[in-house]
Amino acid sequence: MELVLQSIANALVQSGFFSLWAVGLVLIFGVMGIINFAHGEMVMVGAYTVWLLYAGQGLPFPLALLAAALIVCLLGLCMERFLFQPFRENPLGGLINSIGLLFILQVLAVQIGGLGLMKHVPPAFPGTLELPFEVRIPVQRAVALVVSLGLLAAVGWLLTWTRLGWALRAVSMDREAAALQGISVRRIGMFAMGLGAALAGTAGALMAPLVRVEPYMGHAVIITAFIVAIVGGIGSIRGAVLAAVLYAFFHTFVTTYYSGTLATMLGLFIMLLVLVIKPTGLMGSRLRE
Amino acid sequence: MNSASRRHGWWLAAAVLLPALAALPFFLPFHRQDFMIFLLLDVMLVVSYRLVTLSGEWSLIHMVLMGCGGYASALLSKRADLLVWLSIPLAALLTAAVALLLSFPLLRMRGFYFLIGSYAAGEAVRLAWKYFVYPFGGPKGLKLIPPLELQLPFLEQPLSFVEPIPFYLLLLVVTCVSLLLLYRLEHSRIGLTLHMVHWQPSLAEAVGVNSWRYRTLAFACGAFFAGLAGALFVHYLGSINPNQFAIGEMLYILVWVIIGGTRTFAGPVIGVVVLSVLNEIFRQYDEWRPAIYGLILLLSMRFLPDGLESLPGRLRGLWRRRVAAAQG
């Protein structure tokens with residue numbers, strides 16, 4: 001019983017991370033029609049920023065978190081300007097460019113931090129929350145969950161209640177019609193890319209004290225983000241969040257009771273099934289060409 | 001140039017190039033022989049990959065299909081005690097069968113759905129090798145895989161293909177035959193139909209071409225040659241593990257093909273040869289290799305979108321313009 005409750009607590013924390021990864025990916029895809037293969041590496045850059053600034057330079061953790069979000073946001077804007085914008089007509093071109101960048105970022109991470117060395121990031125908020133039924137959540141994890149929930153709520157608010165959010169949704173629904181309404185598709189693309197990147201950077205920063213920070217940590221991120229985005233219905237933010245929660249529970253329980261490799265394998269099978277049976281996913285409404 | 005003299009040109013080039021390639025390893029140090037072997041394997045991989053791209057799909061499962069061939073041949077020869085000379089072609093056929101099986105879900109998708117789907121399927125297969133210790137050996141993979149051997153009447157000991165030079169020569173023959181077959185396939189009716197399925201899908205359907213069947217054929221044939229390369233590779237190396245077929249390795253194939261160009265048969269071969277030779281020259285910067293590849297990929301996407309194969313035509317165009325300008 002304790003194990004089940006503990007797993008539920010862990011799954012909740014995981015679902016926050018999974019949502020942040022996938023929502024960024026879906027935002028970028030929805031607005032620009034480009035699959036960002038380097039999304040996992042953005043998370044990695046966020047984690048490295050915290051490792052360098054907080055664990056290395058002794059900056060306060062919230063400041064390092066902010067710095068990570070800003071740096072990755074800047075990286076995203078540069079990607080949009082130099083890698084995606086020149087390939088507007090060719091979505092595969094943008095994807096291939098993001099693969100090129102992925103290699104470069106990984107090597108830079110190896111050069112900065114070395115390979116196989118333990119990069120210890122001490123928890124910024126030590127201590128554990130003792131919940132009933134002997135469920136323990138480290139404060140760091142609870143903080144991560146709260147911050148990611150807050151961010152998701154903020155993104156939801158932005159998309160539903162602000163003119164900017166409406167414009168963003170309009171562009172992701174029909175680019176030409178949005179342009180005819182006087183929306184600058186280019187500027188909205190920039191904004192979506194910056195926002196998606198900042199979410200990825202924040203997720204990486206929040207994860208840094210909780211996971212092993214290493215150059216290839218982006219691999220697990222991109223697989224999970226793909227599974228979640230496809231199962232949720234690519235292009236749908238709500239679907240992505242729903243799928244993130246479901247997949248986080250599935251993954252945590254299979255990992256706890258069997259193995260992590262099996263969990264990912266089954267996740268990929270589910271994703272393939274969705275692609276074959278219902279390519280629009282849980283909440284997506286239509287396919288893109 | 002008419003087609004007859006063009007064909008003569010090809011035969012002449014082959015007649016010069018092949019003996020040169022066959023003689024080359026005898027003048028090279030050991031690690032360069034190894035390099036030549038991997039280069040030939042990579043050539044087989046990119047050319048078979050091109051067959052898949054002919055139907056318009058960019059797959060991310062090709063490297064895993066190579067691994068399928070490797071694992072199949074390793075298991076057949078190690079656990080089932082099959083003769084290695086039989087296990088290699090059998091493994092290639094099995095890989096084609098696996099591709100055929102995978103094509104049912106995968107080829108229902110197109111564009112980047114296919115791309116992501118093939119990535120997911122490949123990763124799932126790779127994780128299966130990692131997860132099931134029996135029969136795949138788990139994360140450590142399989143070791144002590146029996147080598148290719150040939151008992152010749154005039155030799156006391158059997159000729160072992162673990163030695164680089166015999167293996168290289170064998171591989172050269174297999175590669176040449178594979179390239180010839182793939183070239184013929186591309187320039188046959190099937191290849192032309194594949195071009196149509198790619199560029200004019202509605203027209204293809206309208207004139208009664210079953211495009212699904214042609215895409216399946218391209219996918220399975222590509223898998224056959226990838227599996228063949230994998231099976232040969234595993235008996236040379238003597239070991240195999242899941243990490244050799246990770247997505248990073250697949251991305252190298254993508255880089256080679258894109259940088260070489262996909263319009264002509266020679267494009268991917270040019271890409272893999274040029275980049276591998278460059279890589280060999282800058283060997284001391286090995287840790288920077290992925291970044292250099294990434295940078296080359298970004299630059300070539302921006303400034304040479306049609307790949308290296310388009311370079312001669314572009315230079316010719318530049319030259320003509322200069323001549324025209326000089327003439328006033």
Side-chain angles (χ1 to χ4, degrees), chain A residues 29 33-35 37-38 40 79 82-83 86-87 90-111 114-115 215-216 219 222-223 226-227 229-230 234 258-277 279 287-289, chain B residues 53 56-58 60 102 104-132 138-139 242-243 246-248 250-252 254-255 257-259 285-303 305:
Chain A
F29 178 79
I34 288 174
I35 291 178
F37 238 86
M79 279 173 77
F82 297 108
L83 301 185
F87 294 89
N90 171 12
L92 217 56
L95 187 148
I96 289 165
N97 274 338
S98 71
I99 290 175
L101 184 74
L102 173 163
F103 277 132
I104 296 173
L105 289 177
Q106 279 181 353
V107 168
L108 285 181
V110 172
Q111 290 301 319
L115 198 60
Y216 305 114
H219 186 60
I222 194 73
I223 288 191
F226 274 164
I227 294 174
I230 294 278
I234 194 147
Y258 299 96
S259 93
T261 311
L262 186 69
T264 309
M265 206 162 83
L266 291 176
L268 288 164
F269 271 120
I270 294 172
M271 166 179 165
L272 275 176
L273 271 182
V274 169
L275 276 174
V276 171
I277 296 167
L287 289 180
R288 276 170 174 265
E289 274 308 310
Chain B
T53 62
E57 304 296 0
W58 291 83
L60 289 182
L102 285 171
F104 286 105
L106 288 183
L107 288 181
R108 297 176 60 151
M109 310 166 205
R110 275 184 179 268
F112 49 61
Y113 287 96
F114 178 81
L115 195 108
I116 293 188
S118 64
Y119 175 49
E123 198 61 23
V125 170
R126 204 176 70 82
L127 286 178
W129 296 335
K130 219 171 181 170
Y131 181 69
F132 295 108
N243 283 344
I247 185 72
M250 178 63 228
L251 298 183
Y252 284 122
L254 214 57
V255 175
V257 170
I258 287 167
I259 288 174
Y285 306 109
D286 214 27
E287 63 206 81
W288 285 94
R289 176 169 114 130
I292 294 169
Y293 265 50
L295 201 63
I296 292 177
L297 183 67
L298 293 184
L299 291 177
S300 80
M301 282 298 284
R302 191 85 178 78
F303 300 109

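Residues B:Pro105 and A:Val276 approach most closely at CB-CG2, 3.4 Å, considering heavy atoms. Across every non-hydrogen atom of A:Ile104 and B:Gly294, the tightest pair is CD1-C, 4.0 Å. When all heavy atoms are compared, the tightest approach of B:Ala124 to A:Met265 is O-CG, 3.7 Å. Nearest heavy-atom pair, A:Leu272 versus B:Gly117, reported as atom, atom and distance to 0.1 Å: CD2-O, 3.5 Å. Smallest separation of non-hydrogen atoms from A:Ile96 and B:Leu297: O-CD2, 3.5 Å.
Rounded to the nearest 0.5 angstrom, A:Leu101 CG and B:Leu295 CG are separated by 10.0 Å. With rounding to the nearest 0.5 Å, the separation of CE in B:Met301 from CG in A:Asn97 is 5.0 Å. From A:Ile222, atom CD1 reaches atom OH of B:Tyr119 across 7.0 Å, with rounding to the nearest 0.5 Å. Interatomic distance, A:Leu102 CG to B:Ile247 CD1, rounded to the nearest 0.5 Å: 9.0 Å. Atom CG of residue B:Leu251 and atom CD1 of residue A:Ile99 lie 5.0 Å apart, to the nearest 0.5 angstrom. Atom CG of A:Leu95 is separated from atom CH2 of B:Trp58 by 11.0 Å, given to the nearest 0.5 angstrom.
Side-chain contact between B:Ile116 and A:Met271: present, with at least one pair of heavy atoms (C-beta onward) separated by less than 4.5 Å. Inter-residue side-chain proximity for A:Leu275 and B:Met109 is flagged as met; some heavy-atom pair is nearer than 4.5 Å.
Heavy atoms of A:Leu105 lying under 4.5 Å from chain B are absent altogether. With a 4.5 angstrom heavy-atom cutoff, B:Val125 does not touch chain A via any of its atoms. Within the 4.5 angstrom heavy-atom criterion, no atom of A:Gln106 approaches chain B. Using a 4.5 Å cut-off between heavy atoms, A:Ser259 touches chain B through its side chain atoms alone. In this structure, no portion of A:Ile277 lies under 4.5 Å from any heavy atom of chain B. Neither the backbone nor the side chain of B:Phe114 comes within contact range of chain A; no heavy atoms are under 4.5 Å apart. Contact of B:Leu102 with chain A is not made at all, since no heavy-atom distance falls under 4.5 Å. Residue B:Ile296 does not touch chain A at all, counting heavy-atom pairs closer than 4.5 Å. No part of B:Ile292 comes within reach of chain A, as not one of its non-hydrogen atoms sits under 4.5 angstrom from that chain. Looking at A:Leu273, neither its backbone nor its side chain comes within 4.5 Å of chain B, counting heavy atoms on both sides. Within the 4.5 angstrom heavy-atom criterion, only side-chain atoms of A:Ile35, from C-beta onward, approach chain B.
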Requested in this report: List the steps and the verdict of side-chain contact (heavy atoms from CB on, under 4.5 Å) for B:Glu287 and A:Val110.
Outcome: CA-CA 9 Å; B:Glu287 63 206 81; A:Val110 172; 5.8 Å; no
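Taking A:Phe226, A:Tyr216, A:Phe82 one by one and counting their heavy-atom pairs under 4.5 Å with chain B, the maximum is reached by A:Phe226.
Heavy-atom contacts from other residues, nucleotides or ligands closer than 6.0 Å to OH of B:Tyr131 number more than 12. Heavy-atom contacts from other residues, nucleotides or ligands closer than 6.0 Å to CZ of B:Arg289 number more than 12.
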